[in-house]
Amino acid sequence: MEIALSIPNPIQRGHVHNHVGTRFGSIIPTTLSEKRSMFILGMGFVGQSIARKLHNQGWVVSGTCTTHVKKKKLQDMGFHVHLFDANHPDLGILQLLKNYTHILVSVPPLVGIGDPMLQHEELIRSSLVNGDLQWLCYLSSTSVYGDSGGELVDEDYPTNPESELAKLRLTSEEGWSNLAHYLGISPLLFRLGGIYGPGRSAVDTIIKQKPMSEGQRRRKHRKYTSRVHVEDICQALLATLYAPSPREVYNIVDDDPAPREEVFEYAMKLVKKKWPGLKLQSVEQRQSEWSIVNSRGEKRVCNARMKRELGVSLLYPDYKSGLKSIIDHIQSPFHCD
């Protein structure tokens with residue numbers, strides 16, 4: 001996506017508008033380094049959220065997606081994106097990276113492939129070595145810690161990934177960290193809990209009556225499940241953009257690693273209270289499925305460093321405040337995209 005400011009007076013920092021249906025500006029300055037600029041590898045849920053905020057603060061932002069369907073959807077939302085297939089990379093897009101001051105990597109690894117972007121590490125490195133890059137952040141996952149038996153896990157806790165995807169996450173962390181150090185900058189590794197927000201939450205799953213995703217099924221047995229609202233991820237990202245970060249690794253989670261069963265029970269109560277006449281299919285079956293909880297401890301992820309060093313005060317410190325905000329902004333259960 002390319003967002004350039006054709007707006008005379010940049011919107012004040014922190015004030016976010018809904019740009020759905022509005023075309024962002026397309027006039028790009030001759031030298032991107034004249035402005036703060038970010039390239040987002042992977043314009044997904046988090047990428048779109050941070051892009052809107054940066055646009056409002058006067059940044060030039062570009063990003064990638066992987067399919068024509070996603071590109072069309074993002075264009076309809078007002079974004080202009082670059083289509084990028086890591087298996088058949090457009091070298092011209094990789095060359096664009098050198099013009100940007102900030103790069104956010106939000107591309108998950110793939111089983112059997114690994115990190116799709118780091119397949120082209122040499123190309124990326126050659127593009128960036130004489131570029132304008134000042135900041136590089138990789139969005140990782142708390143899954144790299146593995147199972148700690150319910151212990152409180154901070155950033156200094158030894159990583160012990162168990163699943164193949166978690167092991168690939170850790171490998172990606174190491175790859176992007178090494179690349180940043182090679183370029184002479186300090187990397188940022190954000191280990192995120194389960195991401196939720198408007199359109200992507202327990203409330204939305206219940207209303208849309210979707211089956212549980214693979215990730216949701218994996219987490220349904222856990223006693224503890226770390227999560228974080230997308231707005232709080234953006235808060236943490238913004239904090240690192242405007243002040244040097246003293247560390248490289250940060251856990252980005254809320255204060256309440258509640259079990260998934262508890263979260264969905266609360267979401268169900270909110271939905272039934274707001275729309276008492278709404279017919280929900282197989283509610284009993286879903287509740288029975290969510291109620292199966294394994295006693296194994298997993299882990300409780302500590303966010304103290306994020307609060308102390310980045311100055312983040314969580315907008316949604318627990319799932320109740322997050323879900324309440326989400327449902328309050330849904331006017332109709334039939335229009336909850």
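Side-chain contact between Ser313 and Lys307: absent, with no pair of heavy atoms (C-beta onward) separated by less than 4.5 Å. In this structure the side chain of Leu188 never reaches within 4.5 angstrom of the side chain of Glu248, judged on heavy atoms.
Between the side chains of Asn303 and Asp255, at least one donor N or O sits under 3.5 Å from an acceptor N or O. The closest side-chain donor-acceptor pair between Ser321 and Asp318 falls under 3.5 angstrom. In this structure, a donor-acceptor pair under 3.5 Å is present between the side chains of Asn251 and Tyr145. Between the side chains of Trp135 and Thr240, at least one donor N or O lies within less than 3.5 Å of an accepting N or O. For the residue pair Tyr242 and Gln57, a side-chain donor N or O sits within less than 3.5 Å of a side-chain acceptor on the partner.
By the side chain to side chain contact (heavy atoms under 4.5 Å, CB included) test, Lys274 is found to be paired with Ile327, residues two or more places apart in sequence or in another chain being considered. Residues forming a ring-ring contact (aromatic ring centres under 6.0 Å, His included) with Tyr266 (at least two apart in sequence, or on another chain): Tyr319. By the salt bridge (charged side-chain N to carboxylate O under 4.0 Å, His left out) test, Arg191 pairs with Glu173, sequence neighbours left out. Residues satisfying the salt bridge (charged side-chain N to carboxylate O under 4.0 Å, His left out) test with Lys72, not counting sequence neighbours, are Asp76. Shown here are the ring-ring contact (aromatic ring centres under 6.0 Å, His included) partners of Tyr316, two or more places apart in sequence or in another chain: His229. Residues that satisfy the salt bridge (charged side-chain N to carboxylate O under 4.0 Å, His left out) test with Glu309, not counting sequence neighbours, are Arg247. With sequence neighbours excluded, no residue forms a salt bridge (charged side-chain N to carboxylate O under 4.0 Å, His left out) with Lys73. Qualifying side chain to side chain contact (heavy atoms under 4.5 Å, CB included) partners for Asp85, counting only residues two or more places apart in sequence or in other chains: Asn87, His88. Val105 meets the side chain to side chain contact (heavy atoms under 4.5 Å, CB included) test with Leu41, Ile103, Tyr138, Trp176; sequence neighbours excluded. Asn160 meets the side chain to side chain contact (heavy atoms under 4.5 Å, CB included) test with no other residue; sequence neighbours excluded.
Listed by chain and number, the hydrophobic cluster partners of Leu152 come to none, as no ILVMFWY side chain reaches under 4.5 Å of it. Residue Val69 is found outside any hydrophobic cluster, as its side-chain heavy atoms come under 4.5 Å of no other Ile, Leu, Val, Met, Phe, Trp or Tyr.
With values rounded to the nearest 0.5 angstrom, Ser127 atom OG is found 11.5 Å from Ile93 atom CD1. One finds the NZ atom of Lys98 at 9.5 Å from the CG atom of Asp132 (value rounded to the nearest 0.5 Å).
Closest non-hydrogen pair, Arg305 versus Val249, comes out as NH1-O, 2.9 Å. When all heavy atoms of Leu104 and Met38 are compared, the closest pair comes out as CB-SD, 4.0 Å.
Look at Asp232 and Arg227 and you find no salt bridge, because none of the NZ, NE, NH1 or NH2 atoms lies under 4.0 Å from a carboxylate O. Between Lys223 and Glu261 no salt bridge is recorded (no basic side-chain N to carboxylate O distance below 4.0 Å).
Transitive grouping of hydrophobic side chains (ILVMFWY, heavy atoms separated by less than 4.5 Å) keeps Ile252 and Val144 in distinct clusters.
One N or O on the side chain of Ser126 and one on the backbone of Leu123 form a donor-acceptor pair closer than 3.5 Å.
Using a 30° and 60° split on the angle between ring planes, Tyr250 and Phe190 fall in the perpendicular class, above 60°.
For the side-chain contact (heavy atoms from CB on, under 4.5 Å) criterion with Ser106, the lone passing option out of Leu139, Ile50, Leu192 is Leu139.
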